[in-house]
Amino acid sequence: MDDENRQSYLNNFCETNEDTMLAFAVMGGAFSEGIDLKGERLIGAAIVGVGLPLISEERNVISSYYNRYSDNGFAFAYQYPGMNKVLQAAGRVIRSETDRGVVMLLDTRYNEDSYKNLFPPEWNGFARIGGCGSETLVNYLQAFWA
């Protein structure tokens with residue numbers, strides 16, 4: 001999208017909408033960073049996947065380098081850049097001290113310590129809702145917004 005179309009798209013996110021609006025964007029794309037939808041213009045994000053970059057020779061060189069010194073090559077080459085994209089996308093939801101919103105992380109890998117340890121302190125006390133029917137999620141969201 002050019003700048004005009006991008007701004008036109010973002011203008012659809014207004015607090016006066018009477019209807020619910022659902023939009024899809026690519027993690028790491030133009031709408032996952034650098035936008036500021038405060039208040040109730042954006043109240044949630046569902047982040048699918050852990051944002052790992054594509055396998056490449058450059059990433060493999062980085063991985064090999066860090067494996068020589070710390071055995072954390074995968075983390076430095078793939079996991080940390082991926083989580084940076086996840087945090088950028090999640091950061092679209094809370095833009096001010098008064099904003100409230102829900103971020104859903106949709107990937108079982110978020111249950112692993114290697115990912116949970118990368119969560120910011122503000123995410124302590126997160127709720128894990130898995131292996132449940134949609135009714136459980138609906139109940140949780142209704143309680144959150146009550």
Is the shortest side-chain heavy-atom distance between L52 and R109 below 4.5 Å? yes
Can you tell me how far the CD1 atom of I94 sits from the CZ atom of R100, to the nearest 0.5 Å? 9.0 Å
So how far is it from R92 CZ to D36 CG, rounded to the nearest 0.5 Å? 7.5 Å
Other residues, nucleotides, ligands: >12 heavy atoms within 6.0 Å of L106 CG: yes
Could you tell me if the side chain of S8 sits less than 4.5 Å from the side chain of M1, heavy atoms only? no
Does any part of the side chain of L141, heavy atoms only, come nearer than 4.5 Å to the side chain of V102, both counted from C-beta? yes
Do Y115 and V86 have side chains that approach each other closer than 4.5 Å (heavy atoms only, starting at C-beta)? no
Got a list of side-chain donor-acceptor pairs under 3.5 Å for residues 64-71, not counting sequence neighbours?
residue, atom, partner, partner atom, Å
S64, OG, N60, O, 3.0
N67, OD1, G73, N, 2.8
N67, ND2, S63, O, 3.3
S70, OG, Y66, O, 3.1
S70, OG, N72, N, 3.3

Quick one: closest heavy-atom pair of V93 and G101, and the distance? CG1-CA, 3.6 Å
For I43 and F13: C-alpha separation, side-chain torsions, deciding distance, then whether side chain to side chain contact (heavy atoms under 4.5 Å, CB included) applies. CA-CA 10 Å; I43 60 169; F13 293 85; over 6 Å; no
Is the NZ atom of K116 crowded by more than 12 outside heavy atoms at less than 6.0 Å? yes
Minimum heavy-atom distance P120-L87, with the two atoms named: CD-CD2, 3.7 Å
Given side chain to side chain donor-acceptor pair (under 3.5 Å), test Q7 with N11 step by step and report yes or no. CA-CA 6 Å; Q7 190 55 53; N11 288 341; 2.9 Å; yes
Please name all residues satisfying side-chain hydrogen bond (donor to acceptor under 3.5 Å, both in side chains) with E112, sequence neighbours left out, ordered by chain then number. none
Measure from the side-chain N and O atoms of D107 to the backbone N and O of V48, and report whether any donor-acceptor pair falls under 3.5 Å. no
Students often mix this up, so state it plainly: with edges at 30° and 60°, are the rings of F144 and Y140 parallel, tilted or perpendicular? parallel
Check step by step if side chain to side chain donor-acceptor pair (under 3.5 Å) holds for N111 and T108. CA-CA 6 Å; N111 291 321; T108 57; 5.8 Å; no
Validation row: R59, F74 side chains within 4.5 angstrom (heavy atoms): no
Please round to the nearest 0.5 Å and tell me the distance separating atom CE of M83 and atom CG of N117. 10.0 Å
Hey, mind stepping through Y78 and L54 against side chain to side chain contact (heavy atoms under 4.5 Å, CB included) and telling me if it holds? CA-CA 8 Å; Y78 293 98; L54 294 174; over 6 Å; no
Measure the shortest side-chain to side-chain distance between L37 and R95 over non-hydrogen atoms and say whether it is less than 4.5 angstrom. no
Establish whether Y80 and V61 are linked, either directly or via other cluster members, by ILVMFWY side-chain heavy-atom contacts under 4.5 Å. no
Spacing of M27 atom CE and I47 atom CD1 [to the nearest 0.5 Å]: 6.5 Å
Over all atoms of both residues, closest heavy-atom pair of P53 and G82: CD-N, 4.1 Å
Would the distance check show the side chain of N139 and the main-chain N or O of T136 forming a donor-acceptor pair, the cut-off being under 3.5 Å? no
Are the side chains of I129 and M104 in contact, using a 4.5 Å heavy-atom criterion? no
OH-CG distance between Y110 and L118, expressed to the nearest 0.5 angstrom: 10.5 Å
